[in-house]
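Just below is one structure, and these are the notes that go with it.
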Amino acid sequence: MQNNQKEHLYKILVIGDLGVGKTSIIKRYVHQTYSANYRATIGVDFALKVLNWDSETVRLQLWDIAGQERFGNMTRVYYREAVGAFIVFDVTRPATFEAVTKWKEDLDSKLTLANGRSIATVLLANKCDQSRHMLIDSDLKVDQFCRENGFVGWFETSAKENININEAANLLVKHIIARESDILRSVVPDTISPQLTSANEMSCSGCFKS
């Protein structure tokens, strides 16, 4: 019997400053493993996660982009064809949160959909098992920051303790699917979109109401 199950391939960026835990998050999500001894990513690394999503197959190609690559010319090449992103900061290092806005601005300047909207992006406040920085003490403050900077939601995460990794990914996939028609119509020169099959319209719920 022929398998008529639809398949989707989505390229997801994982970006943020050096040492915020990007590799650890990907390893936890894809392989359900954690190590405190990951070496710094050089350039870019890849991982593949396969999901069964409403009777369809969703393949997530996760691009782990090194923190030292930030704002460089190579990021334009790395960003190409991406349809979603995580921006990660370390709750124990305030400077990494201060860099989030620059990461988001860089992403939006190099990658947009045909209607001018930015790709779906989720903010990850990582290493929440170690400390709660004052910026995370007020959920309303972070909600406002996300609205003002175009994030679809945010999560406190811990790769070590496996906190909110799957939840964050599910939220991102929901928003990617909801914007799929925008991706298919994309004609922005630096956004070469993959040929995706149409998906059933889905309602999305984030960490805050839009």
Q. Which value, rounded to the nearest 0.5 Å, describes the distance between K110 atom NZ and I119 atom CD1?
A.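 These two atoms lie 12.5 Å from each other.
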Q.
Nearest 0.5 Å, please: how far is CG in L9 from OG1 in T57?
A.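 Reported value, rounded in 0.5 Å steps: 11.5 Å.
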N/O donor-acceptor pair under 3.5 Å between [X] side chain and [Y] backbone:
{"X": "R93", "Y": "G19", "value": "yes"}
{"X": "K11", "Y": "R80", "value": "yes"}
{"X": "R28", "Y": "E161", "value": "no"}

Q: Please check if any side-chain donor atom of Y79 sits under 3.5 Å from a side-chain acceptor atom of D106, or the reverse.
A: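 Present: a donor and an acceptor within the cut-off.
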Q | Verdict with supporting geometry, I163 and F155, side chain to side chain contact (heavy atoms under 4.5 Å, CB included) | A | CA-CA 9 Å; I163 298 172; F155 289 85; over 6 Å; no
Q) What do you reckon, is NZ of K160 surrounded by more than 12 foreign heavy atoms closer than 6.0 Å? A)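 No - once you tally the heavy atoms of other residues, nucleotides and ligands closer than 6.0 Å, there are 12 at most.
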Q: Identify the heavy atoms of K127 and V20 that sit nearest to each other, and give their distance.
A: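 For K127 and V20, the tightest heavy-atom pair comes out as CE-O, 3.7 Å.
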Q: Could you label the plane-to-plane angle of the F97 and F145 rings as parallel, tilted or perpendicular, counting under 30° as parallel and over 60° as perpendicular?
A: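 Ring orientation, 0 to 90° scale: tilted.
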Q.
Could you walk me through whether R59 and L48 satisfy the side chain to side chain contact (heavy atoms under 4.5 Å, CB included) test, starting with their C-alpha distance in whole Å, then the side-chain angles of each, then the deciding distance to 0.1 Å, before giving a yes or no?
A. CA-CA 7 Å; R59 300 178 186 275; L48 182 68; 4.1 Å; yes
Q. Do V88 and W103 have side-chain heavy atoms sitting under 4.5 Å apart?
A.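 They are not in contact (no side-chain heavy atoms under 4.5 Å apart), so the answer is no.
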Q.
Does T23 form a side-chain hydrogen bond (donor to acceptor under 3.5 Å, both in side chains) with D64? I'd like the steps, not just the answer.
A. CA-CA 6 Å; T23 301; D64 179 3; 2.5 Å; yes
